[in-house]
K.L.:
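This structure is in structure tokens; I'll ask about it shortly.
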There are 2 protein chains.
Amino acid sequence: MKDAGPIDHQNCGECPIRHRAVCARCETDELAQLERIKYYRSFEAGQTVVWSGDRMDFVASVVSGIATLTQTLEDGRRQMVGLLLPSDFVGRPGREIAAYDVTATTDLVMCCFRKKPFEEMMLRTPHISQRLLEMTLDELDAAREWMLLLGRKTAREKIASLLAIVARRDATLKLRGVAGPLEFELPLTREAMADYLGLTLETVSRQISALRRDSVISLEGKRRVSVPDFGRLLEEAGDDSDGGYLN
Amino acid sequence: MKDAGPIDHQNCGECPIRHRAVCARCETDELAQLERIKYYRSFEAGQTVVWSGDRMDFVASVVSGIATLTQTLEDGRRQMVGLLLPSDFVGRPGREIAAYDVTATTDLVMCCFRKKPFEEMMLRTPHISQRLLEMTLDELDAAREWMLLLGRKTAREKIASLLAIVARRDATLKLRGVAGPLEFELPLTREAMADYLGLTLETVSRQISALRRDSVISLEGKRRVSVPDFGRLLEEAGDDSDGGYLN
DNA sequence: CGTGCCATTGATAGGTCTCAAATACTGTGG
DNA sequence: CCACAGTATTTGAGACCTATCAATGGCACG
């Protein structure tokens, strides 16, 4: 397990997350300032980015790959509390110590900003704090949606909800509607799904098998899922019929 | 159930939440601007402030009392996703439609700002967006703490956690440490506790009885709780020994 | 062709929910 | 001040869902 280390400097103008990340609203001169305090780091799937309780002297954007935030109880019970996709922000300005474990679940590239300069820049660059506020409010909404799932949904509904979210995001990326059959890759292991959903991995496995038996989904290999009828999946998820248009 | 209606105009300088609310960092002239777009509303315990899906043309600070944010599944299952105490902020700048039900669980006074002018003021008043960002990040941390509770804690641990949080907040308000015996009022019904914790009210009742049997707490009436040994309560909550110093 | 990780499946135990009834409390009107 | 109605809370019995413990299967990689 080695840190893949810093990679070559890259121009913000060509950055794939340029229009969605914390820098989305920045002007050219503001980007130039950011470029002076940024550096890239890469991680391999499975590596830990930071441990909860460790000092963290940067904040960062996910450029590519998937990372997770998890919390752990003394006896080892774990709960994922955030799923970080490209353009999502990691770290809290004003906080020295990481509050969560951050782990790369796939190969991961992050655009890191040295914290001190970033904080100073925030004070004089409303474009950054405005965008960060917007992103944080979105995350809060997502967290609250997740609280409903954790507190009130059955195991079957939890699985269906997770599949619906991944399917929807995948359809968005591919610029296709959610009508008609969908097919996508599940970027999480059964264990990670369990940590996300507040279940055991055995229950996750059983419910996926059940959804397959009932023809709500079908699998090719362990990770590739296809959904013949997205409306059916949403019903199984137990949400309102609109299925969370707020995201 | 009547809306107690607007109350007399009040000076921001004398406001009890002046130093903790969204206006905390505002200068005198900024307060003057806020005063022009604010109005007070009072609600009686049990009243609904807004329904999820309704148009919401204001944002607000809780001045006194307690309100809750809840989400509901089609079949009626409910999950509380936020507990709003004095100084907490309600509503999302940039959003027209309320995403959650907001309910007064005690008599409640809110300081409301007309949304449009508030949004415009945010654009030219960094003190407001900075403070709002900070508050939103705090809420996100609290939501994630709650996700751990909902996903991984037992019923007994959930109850103990809730009691610990209320006890800690009460001790803070009274400017006393958490050493020695604590006594406080529970501002929630069993049903509201159940909605908060992702349990049924019967399970809440049983676990409170169990904690009493085991001398972790004692009750006077239904709502007044005393905790002889706070450390013991924290152990029951299953948290790290520090018990969430981050809040 | 092992080795190790990930996933599936089975049997059983245990925790929480559901349904039901009794009890305590609050506020109201006589 | 008391009786009553309505709400909140407690307690019980049983069912159901998910966790736990255990074994097996499948796939990638050396």
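So you know, we letter chains A, B, ... as the sequences are listed, proteins then strands, and number each from 1. These numbers come from the heavy atoms of this one structure, side chains and all, not from hydrogens, waters or symmetry mates.
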K.L.:
From C:dC19, C:dT9, D:dT10, pick the nucleotide closest to the side chain of A:Glu202?
P.N.:
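The nucleotide sitting nearest to the side chain is C:dT9.
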K.L.:
Please tell me which of the listed nucleotides, D:dT10, C:dT8, D:dT18, lies nearest to the side chain of B:Ser205?
P.N.:
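Shortest atom-to-atom distance from the side chain points to D:dT10.
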K.L.:
Determine, for B:Asp138 against A:Arg92, whether the closest basic-nitrogen to carboxylate-oxygen distance falls under 4.0 angstrom.
P.N.:
yes
K.L.:
Can you tell me which nucleotide in D:dA19, D:dT10, C:dT16 comes closest to the side chain of B:Leu199?
P.N.:
C:dT16
K.L.:
Nearest whole Å is fine: how far is D:dA8 P from B:Leu186 CG?
P.N.:
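Rounding to the nearest Å, CG of B:Leu186 and P of D:dA8 are 15 Å apart.
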K.L.:
Can you name the one residue among B:Leu199, B:Thr189, B:Asp195 that meets side chain to side chain contact (heavy atoms under 4.5 Å, CB included) with B:Val204?
P.N.:
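The single option meeting the side chain to side chain contact (heavy atoms under 4.5 Å, CB included) with B:Val204 is B:Leu199.
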K.L.:
Counting side-chain heavy atoms from C-beta on, which of D:dT9, C:dT16, C:dT8 comes nearest to B:Arg223?
P.N.:
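The answer is D:dT9.
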K.L.:
What's the closest nucleotide to the B:Arg212 side chain, out of D:dT18, D:dT11, C:dA7?
P.N.:
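The answer is D:dT11, which lies nearest to the side chain.
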K.L.:
Salt bridge between B:Arg144 and B:Glu139, side-chain N to carboxylate O under 4.0 Å?
P.N.:
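Judged by the 4.0 Å cut-off on N to carboxylate O distance, B:Arg144 and B:Glu139 do not form a salt bridge.
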K.L.:
Cut-off 3.5 Å, side chains only: do B:Ser218 and B:Ser226 have a donor facing an acceptor?
P.N.:
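A pair is found: one side chain offers a donor N or O, the other an acceptor, under 3.5 Å apart.
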K.L.:
Of the nucleotides D:dT10, C:dT8, D:dA19, which has the atom closest to the B:Leu219 side chain?
P.N.:
D:dT10
K.L.:
In terms of relative ring orientation, are B:Phe58 and B:Tyr39 parallel, tilted or perpendicular, with 30° and 60° separating the classes?
P.N.:
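Correct class here is perpendicular.
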K.L.:
Mind calculating the distance between CD1 (A:Ile159) and P (C:dA7) to the nearest angstrom?
P.N.:
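The answer, rounded to whole Å, is 12 Å.
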K.L.:
Return whichever of B:Lys222 or B:Ala155 has its heavy-atom-nearest nucleotide of DNA chain C closer to the 5' end.
P.N.:
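Whichever sits nearer the 5' end wins; that is B:Ala155.
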K.L.:
Measure the distance from CD on B:Glu157 to P on C:dT16 and round it to the nearest whole Å.
P.N.:
9 Å
K.L.:
Looking only at the side chain of B:Thr203 (C-beta and beyond, no hydrogens), which of the listed nucleotides C:dT16, C:dT8, D:dT9 gets closest?
P.N.:
C:dT16
K.L.:
Would you indicate, yes or no, if D:dT10 has its OP1 or OP2 atom less than 4.0 angstrom from a side-chain nitrogen or oxygen of B:Ser209?
P.N.:
no
K.L.:
If the cut-off is 4.0 Å, is B:Thr189 near the phosphate of D:dA8, judged by side-chain N/O to OP1 or OP2?
P.N.:
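No.
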K.L.:
Can you check the A:Leu201 CG to C:dC6 C1' distance for me, whole Å?
P.N.:
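It is 9 Å, rounded to the nearest whole Å.
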K.L.:
Whole angstroms only, please: what is the CD-P distance between A:Glu191 and C:dA7?
P.N.:
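Distance, rounded to whole Å: 9 Å.
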K.L.:
Could you give the CZ-to-P distance, from B:Arg152 to C:dG15, as a whole number of Å?
P.N.:
16 Å
K.L.:
Roughly, in whole Å, what's the span from CD1 in B:Ile208 to C1' in D:dT11?
P.N.:
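Between C1' of D:dT11 and CD1 of B:Ile208: 14 Å.
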K.L.:
Whole-Å distance between D:dA19 P and A:Met193 CE?
P.N.:
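A:Met193 atom CE is separated from D:dA19 atom P by 14 Å.
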K.L.:
To the side chain of B:Thr200, which of C:dC17, C:dT9, D:dT18 is closest?
P.N.:
C:dC17
K.L.:
Phosphate oxygens OP1/OP2 of D:dT10: is one of them under 4.0 Å from a side-chain N or O of B:Arg206?
P.N.:
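No, B:Arg206 has no side-chain N/O under 4.0 Å of OP1/OP2 on D:dT10.
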